[in-house]
Amino acid sequence: MKTVVILGAQWGDEGKGKIVHLLSDRADVVCRYQGGNNAGHTVVSGGKKWVFHLLPSGILKEKKACIIGNGVVLDPYAFSEEMTLVQNEGVDTASRLYVSDRAHLIMPYHRALDSMYEESLGIGTTKRGIGPAYSYKYARIGIRLCDLDEREYLEWITKRALDEVNATIVGKYGRNPVTVREVMDALEEYGEIMKGYVTDTSRLLAEYLKEGRRIIFEGAQGVLLDVDFGTYPYVTSSNPVTGGVLTGLGIGPGAVGQVLGVVKAYTTRVGEGPFPTELEGPTGESIRERGCEFGASTGRPRRCGWFDAVAVRYAVRVSGVQALAMTKFDVLDGIDRLPVCTGYRIDGRDTDRFPANVFVLERAVPVYEEFAGWESTAGVKRYEDLPAEATRYIAALEKLIGVPISIVSTGPDETETIIRGPLAVDAG
Ligand code: GDP
Ligand code: IMO
Ligand code: MG
């Protein structure tokens, strides 16, 4: 199967946007399968920088079909803003962008609830309404794109949703109630924005797969933020893991050809939650500055730390990752010694397992193995041109994680990349 899942194998922001954009040259279709506009996927191409929140990162490549699957939660205002941005730059999106009729909508009250919950829960969410939208989906009071033309249904489901909304925002937070009228007005606007994009994308994908098209499944966030496998409760509310591809797009397991995990050569995290290899001193600050580690969505400074092989090995296992794309080598240029976490010491015991409970993970003390740093990898485009210390770092990490590092990224631009391994989208 000439398809590849490209997902984050750390806490998000690994450089998925760059890799998806780059590989979309070799593909026909790019699909988002989960998350929403909490994502911020950066693409640097032709001297210009783009950040995609909702649109698949293949959107800049003309003629490639782009799909937003049923597993995504969609805020039409964010969709409209992003569409305007790309269209104003002359990107032709006509007849190549498809949104699932079964995707759930992020309502204005979801955004309001996200901010209210944040005050007490302190997860450090992006406040885009993601958590509440998924909660309402599973509570069976969500509103989907396929509902937008069904006025009677909309009134019926809105009343059911508002019972819950108002119980919380009036009863718990003492704010003004949301009325059916204002929700119906917003939904009318949603209908206008989304007109012409909504379709049965599972069916469309079935056709593409039958025709043998090359497809990229683009993950948002990362495995360590997955609601099942991440550092719960400091996670997002969806499944970035490979399993999410099937439920988020309505396709079978045979549709997945290859799973490519994206990781940084170090680690970052934005928002709250445990982070065993975090560097709180000047080294962390220097990596943040050099790596421009500020959120692509919210602008928040990202927490930085050394590479954690325990966490990545775990992410690789739960997602069936077969190869890695490793980014941001250049950010480590000039650092003398590079510690890599190879195990944890928890309550006096050594382990190579990633614990399920966050209080346990908070107590994990990283066990480090040190590697020699290198002078410069910035902009290197051929594996042979990498300094020996960098190739030794790569070989050591491959051994620690157990999968090949098939792509090495040495700068933000799409051209600053070394592609080593075989990729499913290249299959004949
Ligand atoms: P995503 O959410 O996984 O798509 O990643 P983000 O776009 O949020 O964050 C990755 C950041 O690193 C962006 O600013 C990219 O332009 C940048 N980036 C990606 N690869 C490299 C690289 O190899 N070197 C450097 N210096 N920056 C990179
Ligand atoms: P991309 O796709 C990094 C984090 C938030 C917060 C937690 C829950 O660009 O890698 P949410 O708004 O999803 O309920 O927030 O998840 N988070 C991300 N961190 N990259 C992202 O996306 C993220 N999307 C959400 O900071 O800790
Ligand atoms: Mg990001």
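Start at 1 and go down the list; that is how both ligands and their atoms are numbered. From a predicted model like this one, the values you see are computed outputs, not experimental measurements.
In this structure, CG in Leu7 is found 8.5 Å from CD in Glu14, a value given to the nearest 0.5 Å. Annotation: the span from Ile130 atom CD1 to Ser135 atom OG amounts to 11.0 Å, rounded to 0.5 Å. Remark: Thr415 OG1 to Leu22 CG distance equals 9.0 Å, nearest 0.5 Å. The NZ atom of Lys137 lies 11.5 Å from the CD1 atom of Ile106; values are rounded to the nearest 0.5 Å.
Scanning all protein heavy atoms for the shortest distance to atom 20 (N) of ligand 2 gives Asp13 OD1, 3.0 Å. Nearest protein neighbour of atom 9 (O) of ligand 2, counting heavy atoms only, is Gly40 N, 2.9 Å. In terms of protein heavy-atom proximity, atom 11 (C) of ligand 1 is nearest to Lys328 NZ, 3.6 Å. Looking only at protein heavy atoms, the nearest one to atom 13 (O) of ligand 2 is Thr236 OG1, 2.6 Å. The shortest contact between atom 5 (C) of ligand 2 and any protein heavy atom is with Gly124 O, 3.5 Å. Residue, atom and distance of the protein heavy atom nearest to atom 26 (O) of ligand 2 are Arg300 NH2, 2.9 Å. With respect to atom 17 (N) of ligand 2, the closest heavy atom belonging to the protein is Leu225 CD1, 3.8 Å.
Residues Pro76 and Met194 approach most closely at CB-SD, 4.0 Å, considering heavy atoms. Residues Arg303 and Glu272 come closest through the heavy atom pair NH1-C, 3.6 Å.
In summary, the atoms of ligand 2 found under 4.0 Å from a heavy atom of His41, numbered by their order in the structure, are 1 (P), 2 (O), 9 (O). Against a heavy-atom cut-off of under 4.0 Å, Ala220 is close to the following atoms of ligand 2: 2 (O). Using a 4.0 Å cut-off to heavy atoms of Ala39, the atoms of ligand 2 that qualify are 1 (P), 2 (O), 9 (O), 22 (O). Here is the list of ligand 2 atoms found below 4.0 Å of a heavy atom in Trp11: 3 (C), 19 (N). Those atoms of ligand 2 with a heavy atom of Ile123 less than 4.0 angstrom away are 27 (O).
Between the Thr267 side chain and the Trp306 main chain, a donor and an acceptor come within less than 3.5 Å of each other.
Considering backbone and side-chain atoms alike, Thr126 places an N or O below 3.5 Å from some N or O of ligand 2. For Lys264, no nitrogen or oxygen atom sits less than 3.5 Å from a nitrogen or oxygen atom of ligand 1, counting backbone and side chain alike. The shortest N or O to N or O distance between Arg128 and ligand 2 is not below 3.5 Å. At under 3.5 Å, a nitrogen or oxygen of Val270, whether backbone or side chain, sits near a nitrogen or oxygen of ligand 2. Checked against a 3.5 angstrom limit, the closest N/O atoms of Asn38 and ligand 2 fall inside it. Taking only nitrogen or oxygen atoms, main chain and side chain alike, Thr327 does not reach within less than 3.5 Å of ligand 1. The shortest N or O to N or O distance between Lys127 and ligand 2 is not below 3.5 Å. Considering backbone and side-chain N/O atoms, Gly131 never comes within less than 3.5 Å of an N/O atom of ligand 2. Here's the thing with Gly411: one of its N/O atoms is less than 3.5 angstrom from an N/O atom of ligand 1. Of the polar atoms of Phe329, none of the N or O atoms is found under 3.5 Å from an N or O of ligand 1, judged by distance alone. Between Gln221 and ligand 2, at least one N/O pair is under 3.5 Å apart. Considering backbone and side-chain N/O of Val331, none are found under 3.5 Å from N/O of ligand 1.
The aromatic rings of Phe354 and Tyr344 lie tilted to each other, with the angle between the two planes from 30° to 60°. Between Trp11 and Phe275, the two ring planes are tilted [angle within 30° to 60°]. Classified by interplanar angle (parallel below 30°, tilted 30° to 60°, perpendicular above 60°), the ring pair Tyr77/Tyr190 is perpendicular.
Of all protein atoms, those that are N, O or S and lie under 2.8 Å from the Mg ion (ligand 3) total 2.
Heavy atoms from both the backbone and the side chain of Thr42 come within less than 4.0 Å of ligand 1. Of the heavy atoms in His41, both backbone and side-chain atoms come closer than 4.0 Å to ligand 1. Of all the heavy atoms of Thr410, the ones lying under 4.0 Å from any atom of ligand 1 belong exclusively to the backbone. If you look at Lys16 next to ligand 2, the close heavy atoms, those under 4.0 Å, all belong to the side chain. Heavy atoms from both the backbone and the side chain of Pro412 come within less than 4.0 Å of ligand 1. The residue Arg269 has no part lying near ligand 2, judged by heavy-atom distances below 4.0 Å. At a 4.0 Å heavy-atom cut-off, ligand 2 touches Val235 through the backbone alone.
Taking a cutoff of 4.0 Å between a charged side-chain nitrogen and a carboxylate oxygen, Lys61 and Asp25 qualify as a salt bridge. Between Asp426 and Arg26 there is a salt bridge, with a side-chain nitrogen of the basic residue lying less than 4.0 Å from a carboxylate oxygen of the acidic one. Ion pairing of Asp385 with Arg382 is present here, as a side-chain N (NZ or NE/NH1/NH2) and a carboxylate O approach within less than 4.0 Å. With salt bridges taken as basic N to acidic carboxylate O contacts below 4.0 Å, none links Asp13 and Lys264. Taking the charged nitrogens against the carboxylate oxygens, Arg288 and Glu293 have no contact shorter than 4.0 Å, which rules out a salt bridge. Ion pairing between a basic and an acidic side chain is recognised when a charged N comes within 4.0 Å of a carboxylate O; Arg32 and Glu218 show no such pairing.
Heavy atoms of Gly40 approach ligand 1 to within less than 4.0 angstrom. Within the 4.0 Å heavy-atom cutoff, Gly12 does not count among the residues contacting ligand 1.
Screening residues 88-99 for side-chain hydrogen bond (donor to acceptor under 3.5 Å, both in side chains) gives Gln87-Thr93 as the qualifying pairs, with residues at least two apart or on separate chains.
Between Tyr136 and His110, a ring centre-to-centre spacing shorter than 6.0 Å is recorded.
A cation-pi arrangement is found for Arg420 relative to Tyr383, the charged atom lying closer than 6.0 Å to the ring centre and inside a 45° cone about the ring normal.
Residues passing the side-chain hydrogen bond (donor to acceptor under 3.5 Å, both in side chains) test with Asp228, sequence neighbours excluded: Asn239. Annotation: side-chain hydrogen bond (donor to acceptor under 3.5 Å, both in side chains) contacts of Gln10 (sequence neighbours excluded): none.
Ranked by closest heavy atom to atom 23 (O) of ligand 1, the top entry among Ser409, Ser297, Gly222 is Ser409. Nearest residue to atom 9 (O) of ligand 1 from Arg290, Lys49, Arg302, Met326 is Arg302 (criterion: closest heavy atom). Of the candidates Val262, Thr42, Thr125, the one placing a heavy atom closest to atom 14 (O) of ligand 2 is Thr125.
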